[in-house]
Peer 1: 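Input: one structure, supplied below.
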Amino acid sequence: IKRYFPLFDRHPSLVYLDTGATCPKPQEVIAAEREYEEAFSTNVGRGLYPLAEATTERFEAVRSQVARFIGAESEREIIFTSGTTASLNLAAALLAPTLRSDDHIITTELEHHSNALPWIELARAKNSTLHSAPFTQDGTIDVEALLSLINTETKVITLSALSNVFGTRNPITDIIKRIRSRNPETIVVIDAAQMAGHFPIDVTEWDADLVAFSGHKMYGPTGIGILFGKHTLLETFKPVVFGGGMVVDACADPAEYKESPFCFEAGTPNISGVIGLGAAITFLERIGFDTVRTHEKNLLAMTLVRMREHFADRIHILGTDDIEKRGGIISFVLDGIHPHDLAQVLGEHDISIRAGEHCAAPLHRKLGFSATARVSFGIYNTEEDVEKLISGIKNARALFDTKTPLHPSI
Ligand code: PLP
């Protein structure tokens with residue numbers, strides 16, 4: 001599968017273990033974007049000549065493809081944005097007019113900043129109450145604690161399907177069912193950024209109201225994302241960004257806007273990004289999520305075993321060892337080596353991992369770590385990558401364990 005990704009032709013020795021940040025793109029995604037730029041390069045939804053009509057047709061076909069990919073009832077439930085961050089900010093902006101000062105918003109302590117800050121700011125602007133549900137020892141949301149925060153004032157609950165730090169999956173269908181039995185009026189928002197591309201998503205089975213994810217974390221282009229919204233809910237929202245392409249009658253007073261999702265997509269969209277996203281979905285569906293999952297699970301199991309084997313007394317791995325509850329992400333801290341030093345030393349040997357707070361400062365603060373190292377897998381990783389990672393960590397440990405001063409003169 002690695003041969004589908006031109007990045008590895010350009011960098012044959014690269015061990016890329018930062019898929020949680022973004023994915024290299026397969027050739028067919030790059031080709032699809034290029035094909036649009038070279039052979040179409042026209043706008044969507046406005047031109048009346050054949051080339052523009054062909055572009056609109058292709059663009060709208062991807063909307064239908066995304067809807068099928070996530071089990072939405074209709075393509076009218078799919079809003080194109082620039083990424084998960086934009087989708088979650090849009091969700092907060094769409095909900096803002098419906099929020100009163102006595103309403104409550106619930107989020108969790110394991111959220112990425114993109115699913116924390118928009119709600120913190122919304123609560124501040126509306127003078128609403130914001131609760132943050134804790135996580136458990138194994139790195140999943142503490143569901144009982146979350147449920148205990150729900151009352152008749154709870155308007156919005158927002159949580160992630162798969163933590164970008166713990167790597168653990170939250171049982172979304174079950175959580176939403178339990179939320180609805182407490183308060184059926186609550187709007188449930190799901191951050192699926194780390195789920196898309198690794199597990200199938202079924203928004204209808206989840207029964208989620210709004211779901212956000214990014215193209216670039218599922219082998220698609222950067223700058224393209226999705227906000228799914230239940231059709232019945234989207235219909236109740238008013239547009240929050242205004243301009244071309246979303247209006248029926250701009251001379252009316254008040255102006256008359258198109259129906260959803262078009263009224264939420266003002267201006268020229270990222271057309272090549274949408275076309276590339278369609279190619280990424282085709283790519284993923286051809287490989288199949290069973291293959292994706294089996295592959296990532298094997299690498300995950302192998303890495304956890306090797307890490308425990310070689311660094312047992314010195315390593316702290318965040319979250320559970322139960323593979324079934326995990327996606328392909330492992331965050332860890334090694335005694336005696338700062339994660340930044342580890343990432344830098346590995347980087348010098350062409351092994352790319354992430355180090356820092358991973359845009360989840362509250363989570364790190366709660367655990368008492370200023371930073372963690374993070375390894376995250378994609379479909380292109382191999383067992384050889386894992387072996388190189390483990391020997392790279394061993395080398396880094398030896399380097400930092402030495403009693404020799406870093407410089408002879410010190
Ligand atoms: N949510 C989670 C869980 C993430 O891991 C990320 C990115 O790492 C985001 C949201 C933000 O995604 P984007 O940068 O594509 O907007």
Side-chain angles (χ1 to χ4, degrees), residues 16-25 29 66 70 79-93 107-122 132-133 135 139-141 157-170 172 175 188-199 201 206 208 210-228 269-270 273-274 276-277 280-281 296 318-319 325-331 343 352-364 371-378:
Y16 186 75
L17 294 168
D18 197 15
T19 295
T22 195
C23 307
K25 282 79 190 148
V29 168
V66 173
I70 61 167
I79 304 171
F80 289 120
T81 68
S82 64
T84 307
T85 304
S87 296
L88 292 166
N89 276 274
L90 177 59
T107 181
T108 87
E109 289 177 349
L110 57 67
E111 300 307 313
H112 187 281
H113 294 163
S114 294
N115 197 30
L117 294 172
W119 308 106
I120 291 171
E121 291 303 330
L122 178 60
S132 204
F135 49 80
T140 50
I141 292 165
I157 300 183
T158 182
L159 45 106
S160 55
L162 199 155
S163 160
N164 66 313
V165 180
F166 289 119
T168 36
R169 289 196 281 163
N170 289 300
I172 296 300
I175 295 178
V188 184
V189 184
I190 301 294
D191 174 355
Q194 294 292 346
M195 193 86 171
H198 302 277
F199 295 91
I201 291 177
W206 280 353
L210 296 163
V211 177
F213 57 98
S214 299
H216 70 104
K217 292 188 197 287
M218 46 173 282
Y219 309 105
T222 51
I224 183 68
I226 301 294
L227 179 64
F228 155 86
N270 178 358
V274 168
L277 177 64
I281 293 175
E296 289 185 6
L318 271 58
K325 287 189 179 169
R326 270 188 181 269
I329 294 176
I330 305 172
S331 295
S352 306
I353 69 161
R354 174 103 182 252
E357 289 182 334
H358 320 302
C359 300
L363 183 160
H364 278 79
T372 53
R374 185 184 77 181
V375 167
S376 51
F377 298 113

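Nothing here was measured: the structure is a model prediction, and the numbers come from that model. Order of appearance sets the numbers: ligands from 1, and atoms from 1 within every ligand. We number each residue from 1, following the sequence as shown.
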Peer 1: Going by the atom numbers of ligand 1, which of them fall below 4.0 Å from some non-hydrogen atom of S214?
Peer 2: 12 (O), 13 (P), 15 (O), 16 (O)
Peer 1: For ligand 1, is there an N or O atom under 3.5 Å from any N or O atom of H216?
Peer 2: yes
Peer 1: Suppose we measure from atom 11 (C) of ligand 1 to each protein heavy atom; which comes out shortest, and what is that distance?
Peer 2: T85 OG1, 3.5 Å
Peer 1: Any idea which heavy atoms bring Y16 and P24 closest together, and the distance?
Peer 2: CE2-CD, 3.6 Å
Peer 1: Looking at G197 and M218, what are the two nearest heavy atoms and their distance?
Peer 2: CA-CB, 3.6 Å
Peer 1: Under 4.0 Å from any heavy atom of Q194, which atoms of ligand 1 are there?
Peer 2: 3 (C), 4 (C), 5 (O), 8 (O)
Peer 1: Please find the pair of heavy atoms, one from M195 and one from A161, that lie closest to each other, and give the distance.
Peer 2: SD-CB, 3.9 Å
Peer 1: Out of the candidates H198, Q194, E296, only one should pair with T19 under the side-chain contact (heavy atoms from CB on, under 4.5 Å) rule; please name it.
Peer 2: H198
Peer 1: Among all protein heavy atoms in this structure, tell me which lies nearest to atom 12 (O) of ligand 1, with the distance rounded to 0.1 Å.
Peer 2: T84 CB, 3.5 Å
Peer 1: Tell me which protein heavy atom sits closest to atom 4 (C) of ligand 1, plus the residue, atom name and distance to 0.1 Å.
Peer 2: H112 CD2, 3.2 Å
Peer 1: Any idea which of D191, L110, N164 brings a heavy atom closest to atom 2 (C) of ligand 1?
Peer 2: D191
Peer 1: So, 4.0 Å and heavy atoms of K217: is ligand 1 close enough to count as a contact?
Peer 2: yes
Peer 1: Give the atom numbers and elements of ligand 1 that come within less than 4.0 Å of a heavy atom of S114.
Peer 2: 10 (C), 11 (C)
Peer 1: Determine whether S87 and T81 satisfy the following criterion, side-chain hydrogen bond (donor to acceptor under 3.5 Å, both in side chains), listing intermediate values before the conclusion.
Peer 2: CA-CA 6 Å; S87 296; T81 68; 2.8 Å; yes
Peer 1: Quick one: does ligand 1 sit under 4.0 Å from the side chain of S160, the backbone, both or neither, non-hydrogen atoms only?
Peer 2: neither
Peer 1: With distance as the sole criterion, is a donor-acceptor pair present between the side chains of S160 and H112 under 3.5 Å?
Peer 2: no
Peer 1: Nearest heavy-atom pair of T22 and K25: which atoms, and what distance?
Peer 2: OG1-NZ, 3.5 Å
Peer 1: Hey, does N115 sit under 4.0 Å from ligand 1 if you only count heavy atoms?
Peer 2: no
Peer 1: Between the side chains of N115 and T158, does any donor sit under 3.5 Å from an acceptor?
Peer 2: yes
